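Whatever order the structure lists ligands and atoms in, that order sets their numbers, starting from 1. Heavy atoms only: backbone and side chains are in, while hydrogens, waters and symmetry mates are out. The chain is numbered in sequence order, starting from 1. Just so it is clear, the model here is predicted, and its values are computed rather than measured.
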Amino acid sequence: MAAFRIGQGYDIHPLVPGRRLVLGGVDIPYERGLAGHSDADAVLHAVTDALLGALGAGDIGRHFSDRDPRHEGRPSREFVLEAMAMVRARGWQVGNVDVTVHAEAPKLAPYLDSMRTVLAELLGVAPDAANVKATRGEGLGPIGRAEGIAAQAVVLLERG
Ligand code: MG
């Protein structure tokens, strides 16, 4: 039986006025927020997809469809926790997670440690096993024009 599984996830949401900005489970003060069916937390969606990917269990759309009214406005940490329940039920635990957030604005550096704390708690790992990085789009493409925020995540699962 394999000792490790790896999964990756990617998500992007548009930035629009009149929405809270929630990234990595952290409320970030900004004049716009991410549009979406749930709280549109691109970081936690990417992490959820990475967990599901590592399990070979499809994707977030299959488990938490944005056409299902039950998921409207849901905090995305609930998607991560449900994915983690699947991870544990199948005999795995998280080794580490590494996230890159692509955002031109707002500046995310002051919030990265808080995101790390949330992720570590949700995934049941030590803080140094939950890394969150941010990078800008340097003016290029939709991210560079601050039209949206994207996130990538990689997780390693090990036998629990
Ligand atoms: Mg999403």
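- Looking at heavy atoms from C-beta onward, Leu157 lies in side-chain contact with Val94 at the 4.5 angstrom threshold.
- Distances from the Mg ion (ligand 1) to the N/O/S atoms of His45 are shortest for ND1.
- A heavy-atom distance below 4.5 Å is found between the side chains of Leu123 and Leu51.
- Aromatic ring orientation, Phe79 versus His45: tilted (interplanar angle from 30° to 60°).
- Without hydrogens or angle criteria, Arg74 side chain to Ser38 main chain gives no donor-acceptor distance under 3.5 Å.
- The Mg ion (ligand 1) lies under 2.8 Å from an N, O or S atom belonging to Asp11.
- Residue His13 approaches the Mg ion (ligand 1) most closely through its N/O/S atom NE2.
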